[in-house]
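Values below: every heavy atom of this structure, side chains too, minus hydrogens, waters and symmetry copies. Chain letters run A, B, ... following the sequence lines, proteins first and then strands; every chain starts at 1.
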Amino acid sequence: MNKTVTDAQEAIRDIHDGAILMLGGFGLCGIPENCIAALVTKGVKRLTCISNNAGVDDFGIGLMLQHKQVKKMISSYVGENAEFERQLLSGELEVELIPQGTLATRCMAAGYGMPAIFTPAGVGTEVATGKETRTFNGKDYLLEYAFDADFAIIKAWKGDTDGNLVYKETARNFNPLMAMAGKVTIAEVEELVPAGQLDPNNIHTPGIYVHRIFRGKNYQKRIEQRTIRKVNQSK
Amino acid sequence: MNKTVTDAQEAIRDIHDGAILMLGGFGLCGIPENCIAALVTKGVKRLTCISNNAGVDDFGIGLMLQHKQVKKMISSYVGENAEFERQLLSGELEVELIPQGTLATRCMAAGYGMPAIFTPAGVGTEVATGKETRTFNGKDYLLEYAFDADFAIIKAWKGDTDGNLVYKETARNFNPLMAMAGKVTIAEVEELVPAGQLDPNNIHTPGIYVHRIFRGKNYQKRIEQRTIRKVNQSK
Amino acid sequence: MPLTKEQIAQRIARELRDGYYVNLGIGIPTLVANYIPEGINVVLQSENGLLGMGPFPIEGEEDPDLINAGKQTITTVPGSAFFDSAMSFGMIRAGKVDLTVLGAMEVSENGDIANWKIPGKMVKGMGGAMDLVASAKNIIVAMMHTNPKGESKLLPRCVLPLTGVKCVRKIVSDLAVLDVTPQGFKLLERAPGVSVEEIKMKTAGKLVIEGEILEMKF
Amino acid sequence: MPLTKEQIAQRIARELRDGYYVNLGIGIPTLVANYIPEGINVVLQSENGLLGMGPFPIEGEEDPDLINAGKQTITTVPGSAFFDSAMSFGMIRAGKVDLTVLGAMEVSENGDIANWKIPGKMVKGMGGAMDLVASAKNIIVAMMHTNPKGESKLLPRCVLPLTGVKCVRKIVSDLAVLDVTPQGFKLLERAPGVSVEEIKMKTAGKLVIEGEILEMKF
């Protein structure tokens, strides 16, 4: 069940104007750098992007914003991103801000064939506006629907030719959830190995969820908040 | 955050008559053998057991049935178990049979703080009797509630003193789901190591879900259907 | 001659397509794995938490931690992955499994299936069958055309408690291959030496016969 | 003297109990990790997918794949575990996290909190805050008692869009420690040298004062 494609360009070949995309990563950690670059080069437009964050001005999804490829962002935190703010305030960009756990669980729901889930996040806030509320055991929950995305574009640490994936540390974040949720799932990995070389006990995303996989190149892996302690400081 | 206890007896010390238990395993694969033996010795009664199967006549939960400790079984498949059938037909044992995926997902829902989930399993069948049905995108789903168990009793392959767990092969099955779902979760493991010795990328159940852990002894690991092929047979 | 169980499995195996993820139920469906056509790559899912199920082990290599949903000892193939039961049924519900093959006690002409309970007689439980039939995109039933008493198992309506409704797409019995269509059971092929007349006689549900019905070849 | 940010963190750290799983928000809450009392073992959860967060790395050991929810480079302690965001918020929703410490722009006397949006001015998003406040068993807010204009941030009702309702249990500000009770903000302790009078003046919401209010000691 070989799922390999040569590169990002081939992997995203059929992503069309107006597509709904999920993009993995938390901040700039674990983002599909190669696919984002290829989407910018391809110049595909009017995208809806479901992603926890919108990158920074000159990296990650920020690059797609710079090139005005994004019609709508569905995110939980859009942080420090001047171009994002400019497009938002000018009305060029539509933005739906949703709680991070809701974002994660709506991805999981799609991957698990659950049409909707209940979460207490946002009850009593403007997030609840227009949503169905339901009480279970005296606590209120919002009904939130599974996402319906055309493509999930994710980044893993290691992958095999069958599409099995392993993530590294906190670069896992939304990647395995979105991997399960896309109608077509595209995975870029730092290391691509033949099927059989990953420990089947430690696969984070089984290959059944992955349609295309390739080894990415020239990862920058930028750090947003480089924070260090002095060597003699205990904490 | 040391969660270790000395043995099964100490681990189950406060399991009381009438308690609702979850017990991990699929058939006899990955069942908490030590805890089951301790429950039999302790003689605790009127238990409700949520477990995919009910063991065989003389092993697994079958032992607890033999000693008439079980008031109610919630399972998906109760297979070949003469004593089970006898108690069921005589009315001694209450049984709720539910679809396997529903069982799994109701455990997960408890562990993920979701009060209920939607599944299409059982729509149009007697499983749907008395349950709320809801249509999403033209397909019918049943509303199924998260389980509410006093204790989850599970078996892992390796564990560390902080309660982090790793399962082996298909002995994983319901164990990680039940681990998340118990008010008190008791894990028995084949190998217990100091915190820090398991790869944090490959933890199946994070220690936050586990309250007590101990190294089990004398595992029998019985095989229900020993099936082999001849050496020169390809399949 | 009615098909043997092996031939039913062999016929079903011809429905496999390259790249399929397939869930095979207990009994005849398990045998389908022995007849996967040359050049066709499929991955077998076992709902107890495995993708990439391999053949049964050779003697001495049985691993009690490695079983299929029928609780048989098995092996894995390269590229396999283990996961928990929630993810397993998650991928089933999400339609990631391309084909499900399972047995049945009864199938109705509108595609209902009954295979988990005989009231007052048998109460083993539905296991994962209700989840599978509620979600699979493509369901093929492998079964005998009649029960041991000679009564048809292809009915206008199921008598036994249902496992799922309007879900079966195709039936491969010992006598015939049939599609479940809005018009009823559509006869596609017959077992070598079995007449259309015999199939008619042994099918209680509505049977649609159009044109010549060819014999299966093995 | 009002407390410094470090002192607020230090005071909050005294609320930690042995065995707690704790989620620390961005800003002052992050500093709480520096003051965990001797003999108290806590495990820090970072909602981007980590249990067992350790201190910041030393120079040269920053790992871009290892960050906290504030996107800062971090390290892990022995016994740590990584997981995806669904499990992370799953354990939060299921009440497995014993204590959440986060910042606020406003808190109301009934425990409502606002900390994610200033209409027309700031739209960064709620991140995980709404999930945390909707589910945490015990929420402590770390904040300045007043905003830069000197206006109270402890209000009868929040003016800004809410993050969560009736969820805050305790506030540690630069001036005081207060519990949120059915009667309103109950003053428990005051910063060294800060008078009850000043706290009264700077608390717009209902303030409950019973008996002598002791100074915090550092």
Side-chain angles (χ1 to χ4, degrees), chain A residues 1-5 22 104-117 145-149 152 156 158-167 176-185 187 192-213, chain C residues 16-24 36 39-54 63 65-68 74-100 128 130-138 164 167:
Chain A
M1 205 69 80
N2 194 317
K3 313 246 175 120
T4 53
V5 295
M22 288 178 163
T105 315
R106 289 175 66 187
C107 292
M108 188 184 74
Y112 275 20
M114 303 192 295
I117 55 100
Y145 294 95
F147 281 124
D148 189 13
K158 297 178 187 174
D160 72 19
T161 49
D162 277 8
N164 292 300
L165 302 177
V166 174
Y167 308 91
L177 306 168
M178 292 179 170
M180 298 193 298
K183 283 198 207 54
V184 174
T185 292
L192 183 62
V193 301
Q197 300 219 347
L198 299 176
D199 178 354
N201 279 309
N202 295 328
I203 303 294
H204 298 142
T205 298
I208 192 172
Y209 285 115
V210 176
H211 301 87
R212 301 169 195 165
I213 187 169
Chain C
L16 300 174
R17 297 292 169 266
D18 195 41
Y20 265 15
Y21 288 91
V22 180
N23 183 292
L24 301 175
I36 298 168
I40 296 283
N41 246 302
V42 302
V43 176
L44 301 180
Q45 199 247 21
S46 192
E47 68 265 27
N48 54 321
L50 167 62
L51 275 164
M53 182 164 65
D63 176 350
D65 291 320
L66 182 50
I67 63 171
N68 66 15
I74 47 152
T75 60
T76 58
V77 298
S80 63
F82 297 105
F83 36 84
D84 65 47
S85 301
M87 179 179 268
S88 186
F89 285 96
M91 64 183 67
I92 288 166
R93 270 198 307 269
K96 304 290 174 184
V97 174
D98 299 290
L99 174 66
T100 289
M130 280 194 181
D131 306 273
L132 281 159
V133 301
S135 295
K137 287 183 281 195
N138 190 3
C167 53

Ranked by heavy-atom pairs below 4.5 Å to chain A, first place among C:Ser135, C:Gly90, C:Gly49 goes to C:Gly90
Applying a criterion of heavy atom separation less than 4.5 Å, what residues of residues 177-184 of chain A form contacts with chain C?
-> A:Met180, A:Gly182
Contact class of A:Ala146 relative to chain C, heavy atoms under 4.5 angstrom = neither
So what's closer than 4.5 Å to chain A heavy atoms on C:Val42: side chain, backbone, both or neither?
-> backbone
Measure the spacing between OG of C:Ser80 and CD1 of A:Ile203 and express it to the nearest 0.5 Å.
-> 7.5 Å
Quick note, salt bridge (Lys or Arg N to Asp or Glu O under 4.0 Å) partners involving residues 77-97 of chain C, not counting sequence neighbours, are none
Neighbourhood of chain C inside residues 192-200 of chain A, taking heavy atoms under 4.5 Å as contact | A:Ala195, A:Gly196, A:Pro200
With sequence neighbours left out, the residues meeting salt bridge (charged side-chain N to carboxylate O under 4.0 Å, His left out) with C:Asp98 are C:Lys137
Turns out that what part of A:Asp160 lies under 4.5 Å from chain C's heavy atoms comes down to side chain
For C:Ala81 against A:Pro206, the heavy-atom pair lying closest together | CB-CB, 4.2 Å
Mind listing the closest non-hydrogen atom pair of A:Asn201 and C:Phe82 along with its distance?
-> OD1-CD1, 3.6 Å
Considering all heavy atoms of both residues, which atom of C:Asn41 and which atom of A:Met1 are nearest to each other, and what is their separation?
-> O-CE, 3.7 Å
